[in-house]
Amino acid sequence: MFGNFDFDVIARALPYLFREGMVFTLTLTALSALGGIVVGTLIALLRLSGFRLLSRIAALYVDLIRSLPLVLVIFWFYFLVPYIGQWLTGAARPIKVGAFASSLITFIMFEAAYYSEIMRAGIQSISRGQPAAAQALGLTYGQTMRYVVLPQAFRNMLPVLLTQTIVLFQDTSLVYVVSIPDFLGAASIVGQRDGRLVEMYLFAALVYFVISCVASFGVRQLQARIAIVR
Amino acid sequence: MIEINHVSKWYGPLFQALKDCTTSVARGEVVVVCGPSGSGKSTLIKCVNALEPFQQGKIIIDGISLTDPKTNLPKLRARVGMVFQHFELFPHLRIIDNLCLAQEKVLGRSHDEAAAKAMKLLERVGLTTHARKYPAELSGGQQQRVAIARALAMDPIAMLFDEPTSALDPEMISEVLDVMVDLAREGMTMMVVTHEMGFASKVAHRVIFMDQGEIVEDTPKADFFGKPRSDRAQKFLSKILSH
Amino acid sequence: MNYHWNWHIFFEPNPTGAGTYLDMLLSGLWLTIETSICAWVIALIFGSVVGVMRTLPSKAASWFGFAYVEFFRNMPLLVQIFLWFFVLPELLPHAWGLWLKQLPYAPFYTAAIGIGLFMSARVAEQVRASIGALPRGQKQAATALGLTTAQTYTYVLLPIAYRIILPPLTSEFLNTIKNTAVAITIGLLELTGEARSMQEFSFQVFEAFTAATVMYLLINIVVVTAMRIVERRVAIPGYIAGK
């Protein structure tokens, strides 16, 4: 079955696959996670805030994004971002947005909906006595969140946030639908060029598998350590 | 009826839960097993129904060895009734269906036959009006009576009770004990893990005292309450009888 | 914004000559529903079997379950779809591979099976967790009544476990529906695919995606409402899940 399996084609493609494809995938994952957690936390704070209208809008956004397939959201932003850019800059035509910027915005906005649900659960898991104690000490609402509630929520939710980030890492492969060469896209390009799709896809699968396995093993270790500390 | 010969059990390589336990329960005999928590009494009674595996020794029920690979364990278990500390009724089944399930699936009785039997036993424990309810709609004492009826529905040759009253609120204990006393007086073979010394003195023939996985004392009831031979049993008795 | 909105586009004939653009989207919607249901059936069956295996005392069974879940969980869905669609036919004996490649509706079968197996790993985790969370005594009680392991799972453990995981299963079903959009990459013209081709032919990007978005929202509402009704129908009176 692997009789005519061509390992050489993989070896030759390695520099391209990793220096271009994997760098794109990992950078996109890291920046989207960072941006997604920041935006997600803001959304969570809005949802839990006393402003009825803002919290309704935040909830609506989260529910909307979470009901849609990521592929559709990628298309939405891919076509929408140039128009938004035009509107923001006052340009005469929809502006050109690079592949990386476009997918980064997409993933930040998409993942923010999921991260916000995690952060909301984290904030709600902090006992009510904590903010009360902080405010009794004279801290403002902002200070209470910044120094007391959010650090605890973040620490408690760290394993869940990281697990979601592994999902994000796998999800970035979907930029394939708008022909952006991430790791899988790069493998696909080489495979199609050399007529070696079998080798390239199997290799890509193996790489994703190993990275995800190692990462989820790490999260499990972390979870065990956090559980002991508590 | 039940013979326990030199049974030892380990959890992992280090902790020995049962140490060379030997005793027996004759037909129609009522044996109460007591001892401090962690003494291995629950483990021993679960071994009798092969719910817990043991590494050494033999348990023989009505002439059939539990450890014999040819033994059909489900069939054997069906002949020995068991009542648990936390009742363990099946929460998704109505009371009547809790009583019918094993009759139909294990004994192969028809639904009508099983239901008739179930109703007879519910009448016996005074719960016919609750037949169509779900377990969570009953009080703890009622649930435990249902659990006893469920075990009796299998026409068991012996009954095992694993601390049947220790999860109950005090005011419900007697309704369960009454059912058990009746059973004992009818001549049912019973092995009962309990701290209810009133029950023991009323119907038990023998009392077994366990501590740290060992059977420390195994004597007729009168001797046990009269003057336990071991210090450990004396201490235990003085603790639970002092209130 | 100098985008030219044209909401009448839905009623204009589509380039295939068969009906309007709206018909195109509706056929995509229908295919999305069909694919998700097939995938979900596969996910439920395989997920339940594997989830149960992980709770069995057999080391081999639980190890297999573990490996299965890790295998399907640690690769992007898109990569798995590509493996099924492009790689599998090449690895099979030539004749089989050829047959697979010429199979009509290959994208549909690939999507249903690929997404089904991908989701089955998540279902397995839910099933395993909920069985693991049931009180140990439930299994012992069923065993003590003489039920075999298979009967214990069929009549006692699984009926309770499924009720507990109904809400998470609902969201996994919604995930299954969303995941069918990934099949656009192997040419399945489900809802997102039809919206994409409408956009390519008509250049009315935002109308096409708005319509698809509304349809996904409608599916969500229908599924969530239906599952709420199911949850209420199968709820056990007085029973609080997981207690």
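Residue numbers begin at 1 in each chain, while the letters A, B, ... track the order of the sequences.
Identified by a heavy-atom distance below 4.5 Å to chain A, the contributing residues of residues 210-223 of chain C are C:T210, C:A212, C:T213, C:Y216, C:L217, C:N220, in residue-number order. At a heavy-atom separation below 4.5 angstrom, chain C is approached by no residue within residues 103-110 of chain A. Chain A is approached within less than 4.5 Å, heavy atom to heavy atom, by C:K178 from residues 167-179 of chain C, ordered by number. Using a 4.5 Å cut-off between non-hydrogen atoms, the part of residues 169-181 of chain A that approaches chain C consists of A:Q170, A:S173, A:L174, A:Y176, A:V177.
Here the side chains of A:L72 and C:F209 are in contact, with some heavy-atom distance below 4.5 Å.
For C:F206 and A:F79, the ring centers sit 6.0 Å or farther from each other.
In this structure, C:Y109 places its OH atom where only 12 or fewer heavy-atom neighbours from other residues, nucleotides or ligands lie under 6.0 Å away. A 6.0 Å sphere centred on CZ of A:F203 holds more than 12 heavy atoms belonging to other residues, nucleotides or ligands. At most 12 heavy atoms of other shown residues, nucleotides or ligands fall within 6.0 angstrom of atom CZ in C:R228.
For C:V182, the parts lying near chain A are the backbone and the side chain together; criterion is any non-hydrogen pair under 4.5 Å. Heavy atoms closer than 4.5 Å to chain A are found in both the backbone and the side chain of C:R73. There is no contact between C:Q80 and chain A, counting heavy-atom distances below 4.5 Å. Of the two parts of A:L184, only the side chain, counted from C-beta on, holds a non-hydrogen atom closer than 4.5 Å to a non-hydrogen atom of chain C.
Minimum heavy-atom separation, C:E70 to A:F209: O-CE1, 3.5 Å.
Put simply, CG on A:L206 and CG on C:N74 are 12.0 Å apart, with the number rounded to the nearest 0.5 Å. Atom-to-atom distance recorded for C:M75:CE and A:S212:OG is 9.0 Å, nearest 0.5 angstrom. Interatomic distance, CZ of C:F82 versus CG of A:L197, reported as 9.0 Å (0.5 Å rounding).
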Step by step, would you call C:V205 with A:Y83 a side-chain contact (heavy atoms from CB on, under 4.5 Å)? CA-CA 12 Å; C:V205 187; A:Y83 283 95; over 6 Å; no
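For the ring pair (Phe, Tyr, Trp, His ring centres under 6.0 Å) criterion with A:Y201, the lone passing option out of C:F86, C:W84, C:F85 is C:F86.
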